[in-house]
Amino acid sequence: MLAHSCSVTRPRRLSDAERARRRELRSQRRAERLFAADPQVTMRSVRRARTAFGVALAGLAVGTVGAWWFASSAPTEELRWGLGLGGRHSGGIVLDVLVSPGHLVPLAAVVTGLPVVVALVGLWRTPATARPGRRAATSTSVWSWVGAVLALGAAPNVLGCYAVSHVPGRWHDLMLLPMLWPQLSFFFLFYGAAAWVLTERRRRRAGRTGARSGGHRRVGRA
């Protein structure tokens with residue numbers, strides 16, 4: 001009967017200096033991953049944040065210029081501005097305010113200026129370069145998207161309310177449309193963005209599937 005003997009060698013215990021060195025290397029690698037940024041991804045993210053900020057600025061300019069035109073064309077009449085929010089299981093909330101000609105421009109500046117502030121926050125939260133304790137942007141900030149959506153709803157809202165209340169006759173019955181436009185535009189943009197995301201995912205999935213199937217065919221022929 002043969003006896004098999006085996007010896008188990010225990011791993012050599014690391015010294016404190018070696019442990020500290022490896023710990024420092026792990027921290028350095030983690031920091032490199034934190035501050036490393038793909039230049040193309042960063043540039044695309046920053047470009048989108050700047051575009052959202054530009055859309056918000058355009059909404060502010062259009063809103064204030066349009067309000068100035070209404071204030072100069074109807075100096076003795078009060079115009080209306082309102083905001084409507086509808087719910088599925090509730091009657092909704094409607095804010096309807098009479099605005100004097102002297103307050104048309106300030107009100108429009110406040111309504112259309114809020115998206116500019118939100119988009120500015122999004123631009124600040126999408127840095128183009130790494131900073132101490134902060135990495136470069138890997139995606140566009142949500143604040144930028146929110147600012148762009150608010151801008152697309154704020155300018156048509158205020159100018160639409162001014163336009164409907166400026167025209168005499170039974171056009172006042174259409175006042176509810178510009179009041180509800182911010183909420184309606186949000187739904188339109190939400191479903192449009194969701195459809196675009198699904199389409200992009202399907203396209204990428206189809207591209208990966210086609211690449212795999214092409215690779216299998218090439219291997220089979222070889």
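For this chain, numbers begin at 1 and follow the sequence in order.
- Under the rule for a side-chain hydrogen bond (donor to acceptor under 3.5 Å, both in side chains), the partners of Arg22 that lie at least two apart in sequence or sit in another chain are Glu18.
- Ala119 and Ala52 get closest at one heavy-atom pair: CB-O, 4.1 Å.
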What donor-acceptor contacts under 3.5 angstrom involve side-chain atoms of residues 151-161, with partners at least two apart or in another chain?
{"from": "Asn157", "atom 1": "OD1", "to": "Trp81", "atom 2": "NE1", "distance (Å)": "2.8"}
{"from": "Asn157", "atom 1": "ND2", "to": "Gly82", "atom 2": "O", "distance (Å)": "3.1"}
{"from": "Asn157", "atom 1": "ND2", "to": "Pro178", "atom 2": "O", "distance (Å)": "2.7"}

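- Contact record, Leu104 with Ala67: O-CB, 3.6 Å, taken as the closest heavy-atom pair.
- Applying the side-chain contact (heavy atoms from CB on, under 4.5 Å) test to Val142 and every residue at least two apart in sequence or in another chain returns Val146.
- Atom CD of Gln40 and atom OG of Ser45 lie 11.5 Å apart (nearest 0.5 Å).
- Closest approach of Leu98 and Glu78 over heavy atoms only: CD1-OE1, 3.7 Å.
- Listed for the Thr126 side chain is no donor-acceptor partner under 3.5 Å among the backbone atoms of Val46.
- For Ser100, the side-chain hydrogen bond (donor to acceptor under 3.5 Å, both in side chains) partners at least two apart in sequence or on another chain are His103.
- Taking every heavy atom of both residues into account, Ser73 and His166 meet most closely at OG-CE1, 3.9 Å.
- Trp143 is linked by a side-chain contact (heavy atoms from CB on, under 4.5 Å) to Val118, Val121, Arg125, Ser141, counting only residues two or more places apart in sequence or in another chain.
- Residues Leu107 and Tyr162 are in side-chain contact: their nearest non-hydrogen atoms beyond the backbone lie under 4.5 Å apart.
- Sorted by first and then second residue, the pairs that involve residues 95-112 and meet salt bridge (charged side-chain N to carboxylate O under 4.0 Å, His left out), not counting sequence neighbours, are Arg80-Asp96.
- Other members of the cluster containing Leu57 are Phe53, Leu60, Val116, Leu120, Leu123, with ILVMFWY side chains joined at under 4.5 Å, either directly or via other members.
- Residues passing the side-chain contact (heavy atoms from CB on, under 4.5 Å) test with Trp124 are Arg131, Arg134, sequence neighbours excluded.
- Residue pairs meeting the salt bridge (charged side-chain N to carboxylate O under 4.0 Å, His left out) criterion with at least one partner in residues 143-166, sequence neighbours excluded, do not occur; the list is empty.
- Within the structure, side chain to side chain donor-acceptor pair (under 3.5 Å) contacts touching residues 51-66 (residues at least two apart or in different chains) do not occur.
- Hydrophobic clustering places Val111 together with Leu79 (ILVMFWY residues linked when any side-chain heavy atoms are closer than 4.5 Å, directly or through intermediates).
- Hydrophobic clustering, with ILVMFWY side chains joined whenever heavy atoms are under 4.5 angstrom apart, groups Val62 together with Val99.
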